[in-house]
Student: 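Let me give you the structure first, and then I'll get to my questions.
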Amino acid sequence: MVLTDDQKALQETARRFARERLLPDYQKREKLGVLDRALVKEMGDLGLLGIDLPEEYGGMGVDSVTTGIIAEELAYGDFNMSAVPVGISLNGAILVRHAQPEIKDTWLPRMVRGEAIIAICLTEPRGGSDASNLQLKARRDGDHYVLNGEKTSITFADRADGYVVFARTGTPEQGAKGVSAFFVPAGTKGLTTTKFDDLGSAIIGRGSVFFDDVRIPASHRLGDEGKGFTQVMQGFDYSRALIGLQCCGAAQASLDEAWQYTKERQAFGRPIGQFQGVTFPLSEGESWITAIRQLCLHTLALRDAGLPHVSEAAMCKWMGPRYAFDIIHQCILTLGHYGWTKDTPHQQRMRDVSGLEIGDGTAGIMKLIIAREHIGKAAIQY
Ligand SMILES: Cc1cc2nc3c(=O)[nH]c(=O)nc-3n(C[C@H](O)[C@H](O)[C@H](O)COP(=O)(O)OP(=O)(O)OC[C@H]3O[C@@H](n4cnc5c(N)ncnc54)[C@H](O)[C@@H]3O)c2cc1C
């Protein structure tokens with residue numbers, strides 16, 4: 001895909017910020033395990049957050065392709081920090097489409113400025129793959145809803161400023177048709193959180209969110225009652241392509257560093273880059289990443305054109321983290337014993353991208369979606 005001049009200019013802004021401000025302290029931030037809110041604010045000041053949201057809310061209204069290009073650039077510097085703009089684009093699109101004006105006017109400008117982070121709460125302790133089979137209950141009480149239950153494995157759980165929550169307003173027998181979505185501000189009485197001790201991505205964190213008689217105005221419902229699942233879940237096709245590009249950014253950073261090493265490291269009296277056993281695996285990595293990047297950009301271009309892209313988005317989501325993981329692993333091997341230390345960023349990147357082999361839906365579920373797009377219900381009826 002050939003980029004426009006505007007896309008190249010925004011890419012350059014994101015690239016400079018990623019390499020100068022994010023990359024040098026990627027591991028230091030991760031060791032601290034704290035989301036640097038001043039850095040998030042800096043991204044907002046540079047216009048890197050919610051860039052795809054309408055101008056009336058502070059965004060630039062750019063297309064999905066441009067948003068994806070920026071996600072990849074930021075992930076090159078820090079995979080975890082790039083989850084912030086991706087989350088803002090996903091949740092921002094949901095709020096723009098389905099929230100009442102009072103919520104949009106209050107929250108969207110804050111998200112774009114880097115002052116508010118929103119978590120998305122779908123998974124429950126009994127499982128995440130069978131997503132519509134959820135139990136967290138939302139009971140209507142006059143002009144309010146009262147939420148009770150638990151969400152788990154939620155990114156940003158203990159550090160979000162607001163939550164998009166999927167809850168059951170109908171009966172279990174209604175399946176997806178009995179599910180509605182809600183917006184719940186952090187600090188609402190009855191809402192508590194925990195934090196998990198994860199393999200990676202500590203700065204964004206993951207944990208459980210408990211709802212104990214959490215009372216919210218009915219105007220906080222997103223979309224129609226009983227239609228939350230189908231309406232709001234459409235946003236995930238967007239985040240799946242963005243996640244694919246985040247993974248390309250992380251893998252590309254490791255590849256670039258590994259190529260450089262092959263020019264400097266000597267063995268048997270010559271640079272190891274002269275051994276094809278060393279360069280060919282990296283050439284294969286470049287090939288995979290180039291192909292996946294183009295698939296992701298194509299998927300986003302389909303979205304921009306209003307064309308179907310469910311199957312393509314699922315492909316981006318399983319291939320991105322899977323091949324990024326393998327490529328980063330190869331880069332560790334290319335660096336020999338230097339690669340097998342926490343002093344290099346590769347092990348951190350490998351752990352971080354592996355989280356998204358599960359988060360936002362596993363590879364198995366993505367392949368099920370692709371199959372369903374091709375043979376319909378025949379792929380899921382047993
Ligand atoms: C880093 C990370 C971040 C996350 N962030 C969020 C978040 O912000 N919000 C949120 O709501 N959730 C989040 N999750 C949860 C994630 O979406 C779920 O973990 C995921 O959907 C899988 O659910 P599960 O872990 O309960 O696995 P299960 O549903 O129990 O599945 C277990 C295994 O069985 C396989 N499987 C199940 N059914 C099928 C099938 N029909 N065909 C083939 N294979 C199948 C799965 O692929 C998996 O390998 C996150 C998870 C991680 C790891």
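In listed order, ligands and their atoms are each counted from 1. Because only heavy atoms are used, hydrogens play no part in the values below, and waters and symmetry mates are left out as well, while side chains stay in.
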Student: Quick check: are there more than 12 heavy atoms from other residues, nucleotides or ligands sitting under 6.0 Å from CZ of Phe275?
Tutor: yes
Student: Measure Lys367 to ligand 1 on non-hydrogen atoms and call it side chain, backbone, both or neither using the 4.0 Å cut-off.
Tutor: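 For Lys367, there is no contact with ligand 1 at all, from either part.
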Student: Can any side-chain N or O of Arg140 pair as donor or acceptor with the backbone N or O of Gly142 at less than 3.5 Å?
Tutor: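 Yes, the answer is positive, given that a donor and an acceptor are paired below the 3.5 Å cut-off.
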Student: Quick check on contacts: which atoms of ligand 1 are under 4.0 angstrom from a heavy atom of Gly127?
Tutor: 26 (O)
Student: Examine Leu122 against ligand 1 and note whether any of their N/O atoms are separated by less than 3.5 Å.
Tutor: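 The answer is yes, given that Leu122 and ligand 1 share an N or O pair closer than 3.5 Å.
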Student: Can you tell which part of Thr362 has a heavy atom less than 4.0 Å from ligand 1: side chain, backbone, both or neither?
Tutor: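 The answer is the side chain of Thr362.
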Student: Mark yes when over 12 heavy atoms from residues, nucleotides or ligands other than Met233 sit less than 6.0 Å from its CE; otherwise mark no.
Tutor: yes
Student: Any N/O of Ile120 closer than 3.5 Å to an N/O of ligand 1?
Tutor: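 By distance alone, the answer is yes.
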Student: Identify which of Asn133, Leu199, Thr123, Leu356 has a heavy atom lying nearest to atom 12 (N) of ligand 1.
Tutor: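 The option holding the nearest heavy atom is Thr123.
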Student: Could you pull out, from Gly128, Gly355, Gly200, the option with a heavy atom nearest to atom 21 (O) of ligand 1?
Tutor: Gly128
Student: Please indicate whether Arg37 has more than 12 foreign heavy atoms, meaning atoms of other residues, nucleotides or ligands, lying under 6.0 Å from its CZ.
Tutor: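 Buried by this count: over 12 neighbours within 6.0 Å.
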Student: Taking NZ in Lys195 as the centre, count heavy atoms belonging to other residues, nucleotides or ligands within less than 6.0 Å. Is the count above 12?
Tutor: yes
Student: Would you mind finding which of Val164, Asp352, Thr155 brings a heavy atom closest to atom 3 (C) of ligand 1?
Tutor: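 Shortest heavy-atom distance from atom 3 (C) of ligand 1: Thr155.
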Student: Looking only at N/O atoms, are Ser153 and ligand 1 under 3.5 Å apart anywhere?
Tutor: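 Between Ser153 and ligand 1 (N or O atoms, distance only) the closest approach is under 3.5 Å.
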Student: Any atoms of ligand 1 less than 4.0 Å from a non-hydrogen atom of Ile358? List them with their elements.
Tutor: 16 (C), 19 (O), 20 (C), 53 (C)
Student: I need the atoms of ligand 1 closer than 4.0 Å to a non-hydrogen atom of Asp360, numbered in the order shown.
Tutor: 17 (O)
Student: Charged N to carboxylate O below 4.0 Å: is that the case for Asp78 and Arg29?
Tutor: yes
Student: So, taking the atom named NZ in Lys8 and the one named CD in Gln11, what distance separates them when rounded to the nearest 0.5 Å?
Tutor: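 Reported to 0.5 Å precision, the distance equals 9.0 Å.
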Student: Cation-pi between Arg303 and Tyr238: NZ/CZ under 6.0 Å from ring centre and within 45° of the ring axis?
Tutor: yes
